[in-house]
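Down below is the structure, laid out as C-alpha cells.
These figures come from a predicted structure and were not determined experimentally.
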Amino acid sequence: MADEDDVPELGISTETVCWVIARARAFDAKEAGDGDADPDDDDPEAHLLEEEGDTIAEELRDAIAEMNEDEQAALIALAWIGRGEFDVSEWDEAVRTAKERNLRNADDYLVGMPLLGDYLEEGLSAFGLSCD
C-alpha cells in the first residue's frame with residue numbers, strides 16, 4: 001500500500017461500506033442455502049428463507065439507490081479494487097469508469113455481484129481500512 005498521504009479519499013464512509021458488506025454477506029449466505037431446499041418440499045422454513053433473502057436484496061438495493069452518485073461510484077470502484085481490476089493508485093480512473101458504466105443501475109449491478117462483501121472488504125483493506 002502507498003504512503004498514507006498518497007491514499008485517495010474514498011468518497012463514501014467506512015461505516016456505510018461496512019453496512020453494505022454485512023448485508024451482502026447475509027444475502028450471499030441466504031443464496032448459498034437455496035440449493036439445499038427441495039423446490040417441491042412444502043417446508044415453511046424454506047419459504048421464510050426465500051422471503052428473507054428477497055428482503056435483504058431489496059434493502060441493499062434501496063440503500064444503494066439512495067446513495068448519491070459519488071457514493072455509488074465509490075462503492076463500485078471499491079469492489080473492483082477488491083476484485084483486482086484496479087489498484088488503489090488507479091482510484092480516480094476506477095471511480096470515473098464506474099460513473100460512466102454503472103450509475104443508472106448501480107443497485108442491480110452491485111447486488112448481482114457474487115462475493116460483493118468479500119470484494120468490498122478487500123477494497124477497504126487496500127486502503128488500510130477495515131470494519132473491525
Side-chain angles (χ1 to χ4, degrees):
M1 190 178 93
D3 183 342
E4 281 186 31
D5 294 334
D6 296 335
V7 177
E9 187 69 32
L10 281 183
I12 187 169
S13 75
T14 304
E15 293 79 21
T16 299
V17 175
C18 291
W19 181 88
V20 172
I21 289 170
R23 299 315 292 158
R25 287 195 170 141
F27 178 69
D28 286 346
K30 182 264 164 205
E31 288 293 301
D34 278 351
D36 298 339
D38 182 353
D40 296 326
D41 192 358
D42 289 329
D43 180 7
E45 288 184 30
H47 179 69
L48 290 174
L49 281 176
E50 183 177 313
E51 284 182 358
E52 180 182 302
D54 292 343
T55 302
I56 293 169
E58 184 177 327
E59 179 182 6
L60 200 47
R61 275 190 184 89
D62 289 347
I64 293 167
E66 290 176 11
M67 292 177 185
N68 68 43
E69 179 179 301
D70 292 335
E71 291 170 323
Q72 289 176 349
L75 204 57
I76 292 168
L78 199 58
W80 287 344
I81 287 173
R83 201 161 61 179
E85 294 180 33
F86 289 90
D87 186 77
V88 172
S89 65
E90 301 169 305
W91 178 250
D92 291 338
E93 180 184 348
V95 170
R96 188 172 40 259
T97 302
K99 286 181 179 182
E100 291 170 2
R101 292 186 190 168
N102 295 296
L103 277 184
R104 281 188 219 108
N105 63 346
D107 52 340
D108 289 332
Y109 176 73
L110 287 164
V111 173
M113 184 183 290
L115 303 175
L116 174 62
D118 292 343
Y119 293 142
L120 290 174
E121 184 174 52
E122 286 296 317
L124 279 180
S125 179
F127 280 86
L129 302 169
S130 75
C131 294
D132 296 332

Can you tell me how far the CG atom of Asp28 sits from the CD1 atom of Ile56, to the nearest 0.5 Å? 9.5 Å
Of all the heavy-atom pairs spanning Pro8 and Phe127, show the shortest one and how long it is. O-CE2, 3.5 Å
If every non-hydrogen atom of Leu10 is compared with every non-hydrogen atom of Ala74, which pair is closest and at what distance? O-CB, 3.2 Å
Donor-acceptor contacts, no H, no angles, side chain residues 109-124, under 3.5 Å, sequence neighbours left out:
from	atom 1	to	atom 2	distance (Å)
Tyr109	OH	Trp80	NE1	2.8
Tyr109	OH	Arg83	NH2	3.3
Asp118	OD1	Arg25	NE	3.2
Asp118	OD1	Arg25	NH2	2.9
Glu121	OE1	Arg25	NH2	2.6

With heavy-atom distances below 4.5 Å as the criterion, would you say the side chains of Met67 and Thr16 are in contact? yes
Reported OG1-to-CZ distance for the pair Thr55 and Phe27, which is rounded to 0.5 angstrom: 11.0 Å
Donor-acceptor pair, Glu66 side chain versus Ala63 backbone, under 3.5 Å? no
Quick one: does Asp70's side chain get under 4.5 Å of Lys99's, heavy atoms only? yes
Restricting to non-hydrogen atoms, name the atom on Ile12 and the atom on Glu71 that form the minimum distance, rounded to 0.1 Å. CD1-O, 3.7 Å
For the residue pair Leu129 and Val17, establish whether any side-chain heavy-atom pair is separated by less than 4.5 Å. no
So, Trp91 side chain and Glu9 main chain: donor-acceptor pair closer than 3.5 Å or not? yes
Nearest heavy-atom approach of Ala73 to Ala98 is O-CB, 3.6 Å
Would you mind listing every salt bridge (charged side-chain N to carboxylate O under 4.0 Å, His left out) that reaches into residues 87-97, with sequence neighbours excluded? none
Please report the interatomic distance CD(Glu58) to CG(Asp107), rounded to the nearest 0.5 Å. 11.0 Å
